Amino acid sequence: MLEKTFDPGPIEARWYAHWERTGAFRPARPEARPFTIVLPPPNVTGTLHIGHALNQTLQDILVRWKRMQGHDARWVVGTDHAGIATQMVVERTLAGQGLSREGLGREAFLARVWAWKAESGGAITRQMRRLGASCDWANERFTMDEAYARAVTRVFVQLHAEGLLYRDKRLVNWDPQFQSAISDLEVENREVNGHFWHLRYPLADGSGHLVVATTRPETMLGDTAVAVHPEDDRFRHLVGRRVAHPLTGRQLPVIADDWADPELGTGAVKITPAHDFNDWAVYERHREIGWINILNPDGTLNDSVPEPYRGLDRFEARRRVVADLEALGLLERVEEKRVQVPHGDRSGAVIEPFLTDQWFVDASRLAKAAREAVATGRTRFVPASWEKTYFQWLDSIQPWCVSRQLWWGHRIPAWYTPDGTVIVAESEAEAQAKAGPGVPLRQDEDVLDTWFSSALWPFATLGWPEATPDLARHYPGDVLVTAFDIIFFWVARMMMQGLHFTGDVPFRTVYCHGLVRDAAGAKMSKSKGNAIDPLVLVDRYGADAVRFTLAALESQGRDVKLDEKRVEGYRNFATKLWNAVRFAQAQGIGAGSEAPPAAAHPVNRWILGEAAAMVRAVTASLEAFRFDQAADALYHFTWSRFCDWYLELAKPLLADGSAAAAETRATAGFVLDQLLKALHPFMPFLTEELWHAQGQRHTDLILAPWPAFAVAPSDAADEITWLIELVSAIRSARTELNVPPAARLPLHAPPAIEARLARHLPALERLARVSALAFAPPAGPGIAQLVVAGETYALPLGEVIDLAAERARLARAAEAAEREAEGLAGRLANPGFLARAKPEAVEKARADHAARLAEAERLRAALARLG
RNA sequence: GGGCGCGUAGCUCAGUGGUAGAGCACUGUGUUCACACCGCAGGGGCCGCAGGUUCGAACCCUGCCGCGCCCA
């Protein structure tokens with residue numbers, strides 16, 4: 001017998017350990033059709049946040065469902081080495097011990113990182129287990145695994161050999177805090193209050209000055225020109241002349257270029273090629289102006305600037321430049337202005353465009369196949385609207401800077417000879433062979449962008465570049481489940497690399513879900529303090545309730561606004577089911593048969609039909625990735641059908657020696673089994689516990705076959721629908737007429753339905769407090785009347801009835817019926833409707849009209865009888 | 001500036017051509033031996049606004065208003 005109260009904690013711990021120990025997450029099914037999902041690998045430094053919980057819940061639902069359908073279901077799991085984040089974590093720890101990365105040296109530092117990973121790197125995967133994630137842990141991967149690293153090197157070398165990866169000096173987004181290049185995707189533009197400084201640049205010949213406006217005055221120390229628009233008559237005469245830089249004294253040419261916007265600022269713009277992406281483009285059209293880099297990697301000014309500014313931090317330099325210009329009388333005015341300032345999404349530091357030598361992938365060439373694969377439907381997005389986002393990004397893709405000035409990561413397999421020759425090779429030995437014996441080689445100090453290696457995840461986890469059986473069987477994967485915000489970071493890059501290196505797409509379907517927000521719709525963040533820790537929710541309400549909540553709220557990729565009240569509600573749902581099973585146990589209802597039991601009683605035939613419909617709805621919803629609809633079907637079947645009506649209607653049947661008792665026990669057992677199976681992907685722990693509580697089983701529920709059964713159509717559904725309506729109508733009338741709850745009343749009914757009523761008298765007694773049936777019109781005053789399914793029923797209330805209340809009640813019902821009938825009559829009187837509407841619609845309107853009319857007549861007649 | 005999306009009951013959201021739904025919240029109530037994390041009954045909506053298409057529009061089209069996100 002189950003405990004009186006449902007306590008999720010111990011149940012969860014017990015079943016997860018059991019499943020993992022028995023290999024249930026990946027049973028050997030060599031004959032079965034594979035079903036593969038690759039987990040977007042979480043950051044190894046990470047802890048489970050609510051976004052992971054949503055992402056992983058959805059994947060686990062799919063995997064458990066497919067596993068139950070008999071597939072060789074495999075959820076590829078692992079973590080990402082997260083170059084910057086991990087290096088930061090370890091450096092912070094070192095700083096606490098008075099140590100530094102530089103002090104330790106590269107090798108010793110990397111040893112520390114590995115030690116850290118061994119000790120603390122598993123936090124997130126332990127947390128995933130608490131959520132119930134049924135991953136293939138036996139084949140867990142890490143992006144820095146030796147085999148994985150070989151795949152990364154192979155990709156680098158091959159792309160290089162194909163001319164798709166090259167070294168170049170270009171402007172990159174430079175993070176002065178990390179002192180590394182970062183990807184343009186890792187830059188977040190924030191709009192902040194800034195200034196527009198209008199600066200006077202004297203003409204070199206002393207004949208006046210030109211005013212330029214800038215939001216970053218410190219960069220003027222790297223100016224190499226001033227540009228005006230070629231059509232701008234105000235400045236036409238100055239083109240080709242020179243201005244004297246007020247602080248460096250350099251002579252800067254005035255050039256004509258379309259980049260200068262006559263509408264913006266003064267119409268003249270200073271050009272600083274080494275510190276602005278647009279200015280670099282101007283330089284490429286006017287090579288003669290050259291460029292000057294004024295920054296050190298740490299964001300201080302270097303020796304290219306006049307002595308007083310050297311070594312100043314860029315922000316301090318800004319203040320100094322402005323102050324000095326003001327002192328010189330060259331600061332014409334200062335305007336308040338909202339400006340877009342790039343920030344590193346991890347460091348939060350202001351990003352500088354910085355001219356360095358880096359490695360780039362020619363993404364535009366790889367993008368073609370990636371675009372094509374989605375355009376032709378080889379990979380589809382769900383919801384499809386995300387395709388547009390994907391296309392737009394691929395269509396405007398820029399060279400991808402893949403080198404990072406970090407130590408933790410895949411070291412770039414490139415070596416330099418003393419004369420500067422670059423050799424790209426899969427190993428140092430190979431490089432040496434290429435360079436010739438005895439030539440000293442120095443390996444590139446940098447590592448690769450973490451996303452460069454993550455992009456290989458769908459195939460490198462399966463053994464690529466070896467032609468492994470795993471790869472043959474599980475690539476391409478079936479589904480990728482991901483938040484839409486990493487379509488660019490990850491999905492597009494996996495598509496590019498997957499297609500290029502395997503010739504096939506990495507997955508057939510990309511399901512994009514939304515972000516989890518707080519109850520008010522705000523993005524969750526630690527700094528705002530509105531972040532919800534999924535494990536706190538698990539502790540409070542159980543993993544099943546958290547999972548069910550996330551699934552129920554997940555609708556077509558919309559953002560999920562999570563209110564703890566919802567979790568509480570689904571905890572209540574779990575308890576409801578728990579109690580239903582307790583009741584079943586008390587009634588001798590146990591494990592059901594494999595096939596639907598033969599049932600004669602309408603109540604049993606009805607619930608079998610309802611259960612079959614529920615299973616169909618859940619299956620269809622999952623096929624369409626409608627997690628909310630599937631959850632809704634399960635919730636309503638369980639609560640509103642099975643608990644509220646079936647169990648209540650079954651109680652009299654189960655009572656002492658009724659002929660229908662055995663049949664009802666068999667039916668209830670079978671239906672409960674189907675429910676537990678269909679609910680299992682959503683609430684795995686509770687359902688597994690209840691599955692075993694119900695009797696001896698051949699298999700754990702996690703490996704039980706997904707339900708699929710049909711029941712012959714019957715008129716039982718009509719009969720029970722009528723019964724439910726009748727009971728509801730009686731209850732409603734009793735409440736509205738203030739009948740004392742304990743009072744039992746006889747029910748007067750038309751003789752024509754005596755048999756039907758008699759069949760359900762025990763239910764009516766129990767659920768509607770009916771004392772007896774009568775088939776003659778009731779005598780005396782104080783009759784309450786109801787119309788259900790075209791028949792009039794009466795409840796004699798004697799003197800207690802409130803005549804006025806009853807009259808009002810009947811009148812209201814009659815008016816409602818008449819209103820509906822009139823509406824339908826109006827439609828039927830419309831020749832256009834009869835001529836053009838679908839025949840079924842016309843048919844239904846006619847039937848409904850007749851029914852409403854009859855109901856109204858009966859209600860009016862009842863009203864007349866009241867007097 | 002370009003793109004995407006959203007506006008339906010107090011709140012959070014389903015519903016995408018045929019008489020408006022759910023959960024929570026709210027009101028009243030509590031007979032019954034699964035469950036008060038419960039039962040029963042109930043109130044509550046010009047489906048953002050204005051046009052159009054259609055026999056018929058919450059749903060399709062256009063415009064407007066408001067809100068959000070992405071990109072520049």
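Below, all heavy atoms of this structure are taken into account, side chains as well, without hydrogens, waters or symmetry copies. Here is how names work: the chains are called A, B, and so on, in the same order as the sequence lines, proteins then strands, and each is numbered from 1. This one's a predicted model, so the numbers in the text were calculated from it and none came from an experiment.
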Exercise. Any chance the rings of A/F381 and A/F391 have centres within less than 6.0 Å?
Worked result: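 Ring-ring flag for A/F381/A/F391: false, centres at least 6.0 Å apart.
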Exercise. Quick one: do A/R540 and A/E564 make a salt bridge, cutoff under 4.0 Å?
Worked result: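 Between A/E564 and A/R540 there is a salt bridge, with a charged N closer than 4.0 Å to a carboxylate O.
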Exercise. Is it true that A/R216 and A/E352 make a salt bridge, defined as a side-chain N closer than 4.0 Å to a carboxylate O?
Worked result: yes
Integer angstrom distance from the [atom1] of [N] to that of [M]:
| N | M | atom1 | answer |
| --- | --- | --- | --- |
| B/G68 | B/G15 | C1' | 22 Å |
| B/A57 | B/C46 | C1' | 14 Å |
| B/C47 | B/C59 | C1' | 10 Å |
| B/C65 | B/A72 | C1' | 26 Å |
| B/U62 | B/U53 | C1' | 11 Å |
| B/G48 | B/G5 | C1' | 16 Å |
| B/G63 | B/G3 | P | 12 Å |
| B/G28 | B/C60 | P | 41 Å |

How long is the line joining [atom1] of [X] and [atom2] of [N], in whole Å?
| X | N | atom1 | atom2 | result |
| --- | --- | --- | --- | --- |
| A/Y635 | B/A22 | OH | C1' | 9 Å |
| A/H636 | B/G23 | NE2 | C1' | 7 Å |
| A/K576 | B/G39 | NZ | P | 4 Å |
| A/Y570 | B/C24 | OH | P | 8 Å |
| A/L686 | B/C35 | CG | C1' | 14 Å |
| A/F548 | B/C24 | CZ | P | 13 Å |
| A/L647 | B/A34 | CG | P | 10 Å |
| A/F391 | B/G3 | CZ | C1' | 14 Å |

Counting any heavy atom closer than 4.0 Å, what does [X] reach on the DNA or RNA strands: base, sugar-phosphate only, or nothing?
| X | result |
| --- | --- |
| A/R582 | sugar-phosphate |
| A/E820 | base |
| A/R769 | base |
| A/A580 | base |
| A/S555 | sugar-phosphate |
| A/R744 | nothing |
| A/E648 | base |
| A/R626 | sugar-phosphate |

[options]: which one has an atom nearest the side-chain heavy atoms of [X]?
| X | options | result |
| --- | --- | --- |
| A/R836 | B/G3, B/C13, B/C55 | B/C55 |
| A/W639 | B/G18, B/U12, B/G39 | B/G39 |
| A/R571 | B/U19, B/U31, B/C37 | B/C37 |
| A/R566 | B/G18, B/U12, B/A22 | B/U12 |
| A/K561 | B/C55, B/C13, B/A72 | B/C13 |
| A/P741 | B/A34, B/U29, B/A41 | B/U29 |
| A/K838 | B/U19, B/C70, B/G18 | B/G18 |
| A/R766 | B/U19, B/U32, B/A72 | B/U32 |
| A/D644 | B/G42, B/G18, B/C40 | B/C40 |
| A/K651 | B/C70, B/A34, B/C40 | B/A34 |

Using Watson-Crick or G-U wobble geometry with both distances under 3.5 Å, which nucleotide pairs with [N]?
| N | result |
| --- | --- |
| B/G63 | B/C49 |
| B/G18 | B/C55 |
| B/A25 | none |
| B/G43 | none |
| B/C69 | B/G3 |

For this session: Fit a plane to each ring of A/F548 and A/Y635, take the angle between them on a 0 to 90° scale, and name the class: parallel (under 30°), tilted (30 to 60°) or perpendicular (over 60°).
Result: tilted
Exercise. Among side-chain atoms of A/D279 and A/H275, is any donor-acceptor pair under 3.5 angstrom?
Worked result: no
Problem set entry | Residue pair A/D544 / A/Y570, side-chain donor-acceptor N/O under 3.5 Å | no
OP1, OP2 of [N] versus side-chain N and O of [X]: anything below 4.0 Å?
| X | N | result |
| --- | --- | --- |
| A/S732 | B/G42 | yes |
| A/N572 | B/C38 | yes |
| A/K388 | B/C4 | yes |

Problem set entry | A/L171 versus A/P353, closest heavy-atom pair with distance |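 Here A/L171 and A/P353 meet closest at CD2-C, 4.1 Å.
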Seminar exercise, completed: For A/L58 and A/E554, the nearest pair of non-hydrogen atoms, with its separation, is CD1-CG, 3.8 Å
For this session: Please check if atom CH2 in A/W722 has more than 12 non-hydrogen atoms from other residues, nucleotides or ligands closer than 6.0 Å.
Result: yes
For this session: Find which nucleotide of RNA chain B each of A/Q629 and A/N579 is nearest to by heavy atoms, and output the residue with the more 5' nucleotide.
Result: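 The 5'-side residue here is A/Q629.
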Exercise. For RNA chain B, whose closest nucleotide is more 5', that of A/W645 or that of A/T5?
Worked result: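 Residue closer to the 5' terminus by nearest nucleotide: A/T5.
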